[in-house]
There are 2 protein chains.
Amino acid sequence: MNPRGQQAGSPRPGAAVKRPTVQDVAREAGVSPSTVSRALHTRGYASPEVRDRVRAAADKIGYVLDHNARNLRSRTSTSIGVLISDLRNPFYADLAAGIEEELRAAEYQMVLVNDNGDPEEEMRAAETLLAMRVPGVIVTPVTAACPRILQDNGVHVVCADRELGRSGSDVVLSDNKAGARELTEHLIGLGHTRIGLLIDETKWSTGAGRLAGFRAAHADHGLEVDENLIAFTSFDADAAQQTTRRLLNEQHVTAIISANNVLAQGALAEIKDRRLKIPRQLSLAAYDDVPWMSLVQPALTTVDQHTVDLGRAGARLLLSRIRGELPARRRIVRVAPRMIVRGSTGPAPTA
Amino acid sequence: MNPRGQQAGSPRPGAAVKRPTVQDVAREAGVSPSTVSRALHTRGYASPEVRDRVRAAADKIGYVLDHNARNLRSRTSTSIGVLISDLRNPFYADLAAGIEEELRAAEYQMVLVNDNGDPEEEMRAAETLLAMRVPGVIVTPVTAACPRILQDNGVHVVCADRELGRSGSDVVLSDNKAGARELTEHLIGLGHTRIGLLIDETKWSTGAGRLAGFRAAHADHGLEVDENLIAFTSFDADAAQQTTRRLLNEQHVTAIISANNVLAQGALAEIKDRRLKIPRQLSLAAYDDVPWMSLVQPALTTVDQHTVDLGRAGARLLLSRIRGELPARRRIVRVAPRMIVRGSTGPAPTA
DNA sequence: ATCGAATGTGGCATCGATGCCACATTCGCC
DNA sequence: GGCGAATGTGGCATCGATGCCACATTCGAT
């Protein structure tokens, strides 16, 4: 197509350009508006000949569809809401990138909202998306109220990365338990018995799963978990550094697992400050592989969640749901994580 | 507000819930639809008393505005298009995050599209945004055609991060020349005279500015630039690693400046492979500070572009433009970068 | 030749909110 | 007390595309 291709007089922008409508195209092509609509958008009949004629006419006068009019009439929209906590965190950025890729391929648009992990912002965003009449939303929920209000208003919801209560909505998850278990096992295999776990929350399935995996690996090897080694912190790098400091000061640990990429920054900062030799003096591993982890020296052993795939899977799931291709029952998609062993983990120091 | 707050019967999602309209609110509040519109959305008169009554009624029956209908009628929209190359690159993610923050505060929505640096995708996206009747777009343009077609259709455009031809659109830029000059000067001050510049493009103002700054710093110090030290590569980390390898093999350099964060990954990877001691054997500096650069050992000396601020500034600029608060003349906003000296740069080795 | 189905196109109402104007009321002021 | 202005509300048309149905045409089969 070629919106206003030729006589581009560059009206000063914002000067409410009068755009051609289906009526104009109809006149130009010598058919009715209804036919134009059918011819351009492949629903309903239109002879190939007419199709071409209409397309040519549309092209000629620079016709561009009006989504608002279409959405209003057909009571649907091709905009999908994506509600995440923090675009600056590579995890969410990758998730959004995967979603966007899939949506774009299906000719949907992504309306992206950051809620900063704040329930109020999240609710506000949900209302906005409701007002936009989006057919679906992908959300990393802060509160169960958000998916609920959306669903109550007929919007399809896919929760990504975490499960919140029994919302009944579709979910895409990383298999957190399996990933954490594998990572923990890897360390146990290297002879570590005192492994610290740096973690920020366990009320969502994300943290809960990782903690469960940590415990399961211990159990598998007949090891008891010293509860003092589970170090709770808040979700930011500075706090994680403090907590790491406390952990190193107060407990004898030979390895640390950080439950996500942000906490890993804090742990690594503290290790740098103390000039600890990795992995000789301490092994460090992290859940959620992000690019910097392979750039540091030594590179970090991690669990790659395939975050982009997670996003893609979420988008695909949502689209199938919207198209009515799925049975009523909620669907849970699990994306298998993959451990990547790098240089930051090694044999436990022989004390 | 409280969309369908009470009798939430959770109709299965997607089941085209019949939502209340202004008509319904009007009936409930005992006023006319026109009055409801005025009362809810603060334009035009409505007595405080009526306002409250209407609000209460809307709340009671769970009324949610329909953006599509509003947009159609009023021929505007509160969705803003944001067109970037790659959300997974922290530069673009930060830019988008800054934009989103500012838009959200102004009650606008962000429609985010990745164009992968592909002119065709970019054009497709532009058409979609046109179809959505967005009042403005923020774009890191690949092609001048994209801003132009948008402007020709009455859409306000702000170009971010780079200037493309004389499009006449508003721009927000990092002061690339100043930043690169400062960084180069820093190295020259440390005694380096053979500084390699790893750069991917100079046809956009971004690369061109950085190259100009590199040259300017040399000129300031009466040094001639050996053109062989300007190493062109393509925009990905692997290519940058190859190029770095070539640069190190073929030229005698004591310092390398990478023109952006992606190229820096490649340079660092090569340096790691060679086990070069930084900064003793080689100094490394990068334009565009991203989080991993302070996590590696030693941390990288960089130029922080204040990318989030750049995004915020772009969004503010666009919104003022949309509101008609700006004179017709195009505006260029420059965000001053800031050099951050860390451990990766040191005195030139005394050969 | 006639009828019925298939095929393709046009007419018209409609989605929901709002811009614009007319009108009813109240109030102030001479 | 009367008149004009100020104030607040309702009526109606409208934005642009499309769903639905009716209808015109063509074609094949008996």
Side-chain angles (χ1 to χ4, degrees), chain A residues 1 3 16-54 57-58 61-78 128 130-135 153-154, chain B residues 3 16-55 57-58 61-78 128 130-135 153-154:
Chain A
M1 306 202 206
V17 178
K18 174 65 184 168
R19 296 179 184 171
T21 73
V22 271
Q23 309 282 348
D24 301 319
V25 178
R27 201 175 316 116
E28 182 73 26
V31 294
S32 75
S34 315
T35 303
V36 171
S37 174
R38 280 184 308 244
L40 290 180
H41 307 298
T42 351
R43 48 167 90 263
Y45 290 113
S47 65
E49 183 200 6
V50 169
R51 274 221 146 86
D52 289 346
R53 191 144 44 93
V54 171
I61 66 177
Y63 169 75
V64 181
L65 172 70
D66 187 317
H67 273 187
N68 293 314
R70 186 224 280 264
N71 293 347
L72 173 60
R73 177 64 239 244
S74 59
R75 248 139 353 155
T76 58
S77 150
T78 53
T128 303
L130 240 34
M132 297 179 79
R133 297 295 195 253
V134 299
N153 282 274
Chain B
V17 178
K18 175 65 184 166
R19 296 178 184 171
T21 73
V22 271
Q23 309 283 346
D24 301 320
V25 178
R27 200 174 318 114
E28 181 74 26
V31 294
S32 75
S34 314
T35 302
V36 170
S37 174
R38 280 185 308 244
L40 289 180
H41 307 299
T42 350
R43 47 168 90 264
Y45 288 114
S47 64
E49 182 201 6
V50 168
R51 276 222 142 86
D52 289 346
R53 192 145 43 94
V54 171
R55 285 222 187 91
I61 65 176
Y63 170 74
V64 181
L65 172 69
D66 186 317
H67 273 188
N68 293 314
R70 186 222 281 261
N71 293 346
L72 173 59
R73 176 64 237 243
S74 58
R75 243 118 24 130
T76 58
S77 151
T78 52
T128 303
L130 240 34
M132 296 179 79
R133 297 294 195 256
V134 298
N153 282 274

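Just so we're on the same page: letters track the sequence lines, and every chain starts at 1.
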For the atom pair [atom1] ([X]) and [atom2] ([Y]), what is the distance rounded to the nearest 0.5 Å?
X: B:M132; Y: A:R70; atom1: CE; atom2: CZ; value: 12.0 Å
X: B:N71; Y: B:D66; atom1: CG; atom2: CG; value: 8.5 Å
X: A:N68; Y: B:R73; atom1: CG; atom2: CZ; value: 13.5 Å
X: B:K18; Y: B:D24; atom1: NZ; atom2: CG; value: 7.0 Å
X: A:R133; Y: A:L72; atom1: CZ; atom2: CG; value: 9.5 Å

The correct set of residues in residues 67-75 of chain A placing a heavy atom under 4.0 Å from DNA chain C is A:L72, A:R73, A:R75
Describe the nucleic acid contact of A:V36 in one word from base, sugar-phosphate, nothing, applying a heavy-atom distance below 4.0 Å.
-> nothing
Taking [atom1] from [X] and [atom2] from [N], how many angstroms apart are they, rounded to a whole number?
X: A:R133; N: C:dC15; atom1: CZ; atom2: P; result: 13 Å
X: B:Q23; N: D:dC12; atom1: CD; atom2: C1'; result: 12 Å
X: B:M132; N: D:dG16; atom1: CE; atom2: P; result: 17 Å
X: A:L40; N: D:dG16; atom1: CG; atom2: P; result: 16 Å
X: A:R53; N: C:dT9; atom1: CZ; atom2: C1'; result: 11 Å
X: B:R27; N: D:dT9; atom1: CZ; atom2: C1'; result: 18 Å
X: B:D66; N: D:dT14; atom1: CG; atom2: P; result: 21 Å

Minimal heavy-atom distance between B:P33 and B:A26, with the atoms involved, is N-CB, 3.6 Å
Compare every heavy atom of A:L65 with every heavy atom of A:H41, then report the nearest pair and how far apart it is.
->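 Heavy-atom minimum between the residues: NE2-CD1, 3.8 Å.
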base_contact_polar (D:dG10 base, B:R38 side chain, donor-acceptor, <3.5 Å) |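 Yes, a donor-acceptor pair under 3.5 Å.
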Of all the choices, D:dT9, D:dC20, D:dG10, which nucleotide is nearest to the side chain of B:V50 once you look at every atom?
-> D:dT9
Does C:dA22 have a Watson-Crick or wobble partner in any strand here, with both distances under 3.5 angstrom, and which is it?
->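 Because both required distances fall under 3.5 Å, C:dA22 counts as paired with D:dT9.
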Nucleotide forming a Watson-Crick or wobble pair with C:dG16, both distances under 3.5 Å = D:dC15
Would you say [N] has OP1 or OP2 under 4.0 Å from some side-chain N or O of [X]?
X: A:K18; N: D:dC15; answer: no
X: A:Y63; N: D:dG16; answer: no
X: B:S32; N: D:dG10; answer: yes
X: A:S34; N: C:dG11; answer: no
X: B:S37; N: C:dT18; answer: yes

